[in-house]
Amino acid sequence: MAATAIDPAALEAAMDEAYAAGAAVCGEGQVATYIPELAKIDPTKFALAAITLDGFRTSRGDAECAFTLQSVSKVFSLACVMRARDLDIFKTMSVEPSGDAFFSIVKLEEERGRPRNPYINAGAIMVSAALPGEDFASKVRHFRGFLAEASDRPPDGFPVDEAVFRSEAQHGWRNQALANIMRHHGSLDDPDLAAMVYFRQCATLASTRELARLGLFLANGGTDPLTSVAVLPPAHNHRIVALMTTCGMYDEVGHHAIEVGLPTKSAVSGAMLAIVPGRMAIAAYGPALGKKGNSVAGMRALAVLSQRLGLSIFG
């Protein structure tokens with residue numbers, strides 16, 4: 001059964017309420033500090049944007065403010081790898097929630113270098129290593145090219161925050177350790193290359209409006225509804241969105257399923273991308289994070305938006 005189209009007037013009213021709810025709590029969390037450049041961000045920033053399959057766009061707050069994609073980039077690097085290499089990446093990686101912090105080393109060592117899923121850091125580093133290309137520059141170029149294909153922008157329309165990239169490269173000891181553990185167990189060939197590509201993709205810049213647009217193909221079975229470009233086969237798209245539901249919010253996924261009920265990927269920059277299958281994509285940005293590393297304002301706004309419009313995939 002086809003999903004019911006979103007009524008623009010109802011969406012605008014719900015966006016007003018959701019933005020107000022998120023803005024009311026946006027200062028309650030703390031910005032990420034383990035990446036020094038992220039510690040400098042104003043914790044009171046907040047923006048919300050949505051785009052429907054028929055191209056209706058709406059946003060609130062500073063929706064043109066650019067931020068680094070951080071872990072939301074994992075969705076797009078995975079899509080790029082799956083398109084190029086089918087399901088090969090899952091020969092060395094599971095699809096189960098970890099139950100641990102996204103940067104945890106414990107299970108990776110216990111399970112002999114096999115990451116639990118592609119949305120925790122270990123899995124994402126493995127995915128970055130598998131991006132098409134033989135060297136750092138070509139892998140990054142393929143990643144940015146994929147973003148361009150899934151959006152309205154050229155490849156150079158997604159620049160990198162060089163200060164954040166340097167900060168991650170200089171202080172990302174835990175991520176480098178994850179890469180080296182995988183190398184030790186034979187599941188990764190070049191840990192230094194993998195880590196650097198991962199840091200680069202995480203430092204890619206986008207705005208809230210741009211992020212919502214980037215995710216639109218995921219809401220339409222892998223085909224961009226505005227260009228009719230088949231970005232991904234439906235089966236691959238299904239896997240990516242399903243993993244957002246089960247693994248996209250780290251160890252807050254259960255609470256998010258109850259309160260919001262949408263496939264979502266979060267990031268320590270405060271970015272969030274939520275997918276309403278068959279209807280629209282929603283993005284939020286609020287850099288103040290809760291104890292589980294997810295945007296306080298983004299979580300609250302998505303909950304209100306989902307509840308007011310009846311968006312939950314769980315009914």
Heavy atoms, side chains only, cut-off 4.5 Å: are [X] and [Y] in contact?
X      : Y      : value
Arg83  : His236 : no
Ile282 : Leu48  : yes
Asn121 : Arg174 : no
Leu309 : Val276 : no
His184 : Pro191 : no
Leu69  : Ser269 : no
Arg60  : Glu12  : yes
Leu243 : Ile240 : no

Please name the pair of heavy atoms, one in [X] and one in [Y], separated by the smallest distance, quoted to 0.1 Å.
X      : Y      : value
Cys80  : His142 : SG-O, 3.9 Å
Phe56  : Pro8   : CZ-CB, 3.8 Å
Val296 : Val25  : CG1-O, 3.6 Å
Leu188 : Ala194 : CD2-CB, 3.9 Å
Phe136 : Val197 : CD1-CG2, 3.7 Å
Ala130 : Ile89  : CB-CD1, 3.9 Å

Checking the side chain of [X] only, and the main-chain atoms of [Y] only, is there a donor and an acceptor separated by less than 3.5 Å?
X      : Y      : answer
His256 : Met249 : no
Arg144 : Phe158 : yes
Ser187 : Arg114 : no
Glu17  : Leu305 : no
Lys139 : Gly133 : yes
Asp42  : Thr44  : yes
Ser73  : Gln70  : yes
Thr208 : Ala49  : no
Lys265 : Met244 : no
Ser128 : Ala124 : yes

Assigning hydrophobic clusters by single linkage (Ile, Leu, Val, Met, Phe, Trp, Tyr; side-chain heavy-atom cutoff under 4.5 Å), is [X] placed with [Y]?
X      : Y      : value
Leu232 : Met280 : no
Leu211 : Leu262 : no
Trp173 : Tyr198 : no
Ile313 : Val304 : no
Leu302 : Ile275 : no

**Report entry** Parallel, tilted or perpendicular: ring planes of Phe217 versus Phe76, cut at 30 and 60 degrees
**Finding:**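 The rings of Phe217 and Phe76 sit tilted, inter-plane angle from 30° to 60°.
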
Query raised in the report: Would you call Lys91 and Asp86 a salt bridge, taking side-chain N to carboxylate O under 4.0 Å as the test?
Result: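 Salt bridge: no.
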
Query raised in the report: Thinking salt bridges, do Lys107 and Glu96 make one under a 4.0 Å N-O criterion?
Result: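 A salt bridge is absent here (no side-chain N lies under 4.0 Å from a carboxylate O).
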
Check: [X]/[Y] side-chain N/O donor and acceptor closer than 3.5 Å:
X      : Y      : result
Asn294 : Ser266 : yes
Tyr285 : Asp62  : no
Gln170 : Glu37  : no

Report task. Carefully, step by step, assess Thr68 and Leu205 under the rule side-chain contact (heavy atoms from CB on, under 4.5 Å). Result -> CA-CA 4 Å; Thr68 54; Leu205 288 162; 3.9 Å; yes

Query raised in the report: Which is it for Leu87 and Met82 under the side-chain contact (heavy atoms from CB on, under 4.5 Å) test, yes or no, and what are the steps along the way?
Result: CA-CA 6 Å; Leu87 300 181; Met82 288 177 68; 3.6 Å; yes

Rounded to the nearest 0.5 Å, how far does [atom2] of [Y] lie from [atom1] of [X]?
X      : Y      : atom1 : atom2 : value
Lys74  : Asn117 : NZ    : CG    : 8.5 Å
Ser167 : Leu38  : OG    : CG    : 7.0 Å
Leu147 : Ser77  : CG    : OG    : 9.0 Å

Query raised in the report: Passes side-chain contact (heavy atoms from CB on, under 4.5 Å), Arg200 versus Phe143? Steps please.
Result: CA-CA 10 Å; Arg200 193 72 176 175; Phe143 172 72; over 6 Å; no

Report task. Please report the C-alpha distance between Val160 and Thr204 in whole Å, then the side-chain angles of each, then the deciding distance to 0.1 Å, and finally whether the side-chain contact (heavy atoms from CB on, under 4.5 Å) criterion is met. Result -> CA-CA 4 Å; Val160 168; Thr204 302; 4.3 Å; yes

Report task. Could you walk me through whether Asp135 and Arg141 pass the salt bridge (Lys or Arg N to Asp or Glu O under 4.0 Å) test, one step at a time? Result -> CA-CA 10 Å; Asp135 56 20; Arg141 186 168 60 251; 5.6 Å; no

Are there more than 12 heavy atoms of other residues, nucleotides or ligands under 6.0 Å from atom [atom1] of [X]?
X      : atom1 : value
Gln30  : CD    : no
His238 : NE2   : no
Arg85  : CZ    : yes

**Report entry** Cation-pi check, Arg300 onto Phe46 ring (under 6.0 Å, within 45° of axis)
**Finding:**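 Relative to the ring axis of Phe46, which defines the angle, Arg300 lies outside at least one limit.
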
